[in-house]
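Structure, as structure tokens:
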2 protein chains.
Amino acid sequence: MKSGLGKEPLRRFRRHEHLALGGEAQDRVYRLDEGWACRYTLLPDGRRQITALYLPGDVCEPQWVISSKAELSIVALTDVIATEIPLGSIRNASDEGVSELIDALMTNFNRQSDWIVSLGRRSANGRITALFAEIYSRLQQNGRVRQPCTIPLTQQDIADVVGLTPVHVNRVVSELRRQGLVQFSGKTIIVPRPDEIDRQQDGMGLAG
Amino acid sequence: MKSGLGKEPLRRFRRHEHLALGGEAQDRVYRLDEGWACRYTLLPDGRRQITALYLPGDVCEPQWVISSKAELSIVALTDVIATEIPLGSIRNASDEGVSELIDALMTNFNRQSDWIVSLGRRSANGRITALFAEIYSRLQQNGRVRQPCTIPLTQQDIADVVGLTPVHVNRVVSELRRQGLVQFSGKTIIVPRPDEIDRQQDGMGLAG
DNA sequence: CGTTCGTTTGAGGATATTCAATCCATGTGG
DNA sequence: CCACATGGATTGAATATCCTCAAACGAACG
């Protein structure tokens with residue numbers, strides 16, 4: 001995966017362009033070098049629920065190494081530059097490439113479980129602050145934290161992640177701004193002190 | 001996995017007994033021969049969110065074949081009889097056992113994505129009917145449908161799956177009973193016509 | 001300069017929660 | 001066989017949270 005061979009082709013996607021369509025066979029995965037993307041489901045009435053967020057540095061979608069089929073569509077949330085990684089090139093030979101993908105898969109699996117907890121048991125405020133804290137933590141792990149942490153998501157995008165309406169997201173986020181927990185810069189959100197955001201989450205820690 | 005060798009030991013768990021504790025190393029998986037179990041997270045204030053349901057016939061937790069560690073606790077929701085399947089016995093030799101577990105893992109992964117959609121975008125009524133429909137469908141796939149489909153879950157358990165309070169679950173379920181979509185038999189719920197329940201779900205299908 | 005996309009604000013209403021009781025079946029000990 | 005304790009289901013009233021509808025606003029873009 002980290003083979004610096006430079007043989008893997010770079011792909012560019014514009015915002016709203018699809019990296020994959022639900023049902024399609026996949027013969028590659030992507031590593032996002034720049035930009036954000038997501039997996040989502042569209043309801044018949046047009047509402048959208050995002051089921052996974054892909055940040056710069058993430059591999060999208062690691063499970064294709066197992067199933068070779070996109071269950072859901074993947075779309076770019078910003079302009080994206082991605083490295084194309086053919087599955088054939090790593091599936092033969094029990095490479096470290098495979099185990100890296102498997103690790104990423106399990107990480108996503110556990111993240112989904114966590115997100116079920118958020119959606120099931122947290123208030124709007126808790127879900128949004130939890131999302132910002134998660135994003136910061138993941139960017140940090142990917143080595144992509146500029147100071148401070150910036151989030152190029154639309155409030156509509158955020159709403160589709162946290163399962164709320166954009167109107168209500170706006171009210172919650174505005175309140176966070178009033179408290180100084182986030183700042184706005186144009187349409188991107190800035191989290192100046194991620195550690196404080198983390199403490200905002202209502203009733204979330206661990207046990208049992 | 002289906003080796004009828006009879007060498008695998010049977011394990012019994014009483015209701016509320018743990019099959020695994022979060023953080024524990026695991027050297028086996030379980031196939032549930034009888035009874036129901038779940039994976040869950042406990043919040044600091046005592047509320048619980050169930051992140052996976054295990055039905056008779058299911059393997060619990062297939063991802064242990066990869067990670068060998070329980071991220072979250074697993075508890076029996078009813079009395080359980082399970083077959084213990086040592087991981088060592090199938091990890092060497094690229095058995096069909098492994099690929100069966102991998103398949104189950106991917107099924108659970110996709111089910112979690114679907115559940116995120118439910119929690120994020122469905123009403124109480126939609127979540128509960130979706131849950132019943134999912135349960136019926138899974139029991140059928142596992143070859144465990146007696147006529148009719150019975151669900152031995154407490155309303156509190158259901159609440160912890162769908163992310164609602166038991167009080168509100170009671171109101172919704174009572175309304176479903178009034179409409180004849182479910183029946184009660186003591187504390188267990190019966191779904192006489194699962195196909196009709198399926199049509200109750202508000203705004204759920206596919207697209208995009 | 002008019003569109004377009006995204007944000008912001010208000011008013012009103014629907015949905016789900018909270019807090020409390022009550023009910024009911026089951027199981028236990030006397 | 002009955003009194004009592006227990007766990008779960010049920011109901012009501014009041015409240016909180018979030019949604020819907022509608023309009024206005026602002027920046028970016030062609």
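The sequence lines fix the lettering, A, B, ..., with proteins before strands; numbering per chain opens at 1. Computed over heavy atoms, backbone and side chain alike; hydrogens, waters and symmetry mates excluded.
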Indicate whether OP1 or OP2 belonging to [N] is found under 4.0 Å from a side-chain N or O atom of [X].
| X | N | result |
| --- | --- | --- |
| B:N170 | D:dT10 | yes |
| A:Q155 | C:dT8 | yes |
| A:R127 | D:dC18 | no |
| A:R177 | C:dT8 | yes |
| B:S123 | C:dT15 | no |

Test: A:D160 and A:R47 ion pair at under 4.0 Å: no
Do A:R144 and A:D33 meet the salt-bridge criterion of a basic N to acidic O distance under 4.0 Å?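 Result for this pair is no, no salt bridge flagged.
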Could you tell me the separation between the [atom1] atom of [X] and the [atom2] atom of [N], rounded to a whole number of Å?
| X | N | atom1 | atom2 | result |
| --- | --- | --- | --- | --- |
| A:H16 | C:dT4 | NE2 | C1' | 13 Å |
| A:I151 | C:dT7 | CD1 | P | 13 Å |
| B:H168 | C:dC19 | NE2 | C1' | 16 Å |
| B:L119 | D:dC18 | CG | C1' | 16 Å |
| B:I128 | D:dA9 | CD1 | P | 12 Å |
| A:Q156 | C:dT7 | CD | C1' | 11 Å |
| A:D160 | C:dT7 | CG | C1' | 15 Å |
| A:E175 | D:dT17 | CD | C1' | 15 Å |

Is a donor-acceptor contact shorter than 3.5 angstrom present between the side chain of B:R171 and the base of C:dT18?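 When only heavy-atom distances are counted, B:R171 does reach the base of C:dT18 through a donor-acceptor pair under 3.5 Å.
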Go nucleotide by nucleotide along DNA chain D from the 5' end; which of A:V167 and B:P166 gets its closest nucleotide reached first? B:P166
Aromatic ring proximity, centroids under 6.0 angstrom, A:Y30 and A:Y54: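 No; A:Y30 has its ring centre 6.0 Å or more from that of A:Y54.
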Would you kindly say whether A:E71 and B:S113 are connected by a side-chain donor-acceptor distance under 3.5 Å? no
Nucleotide of D:dT10, C:dA16, C:dC5 approaching B:L164 most closely (side-chain heavy atoms): C:dA16
Closest nucleotide among D:dA9, C:dC5, C:dA16 to the A:K187 side chain: C:dC5
Would you say that A:I74 contacts A:E61 through its side chain, given a criterion of any heavy-atom pair below 4.5 Å between the two side chains? yes
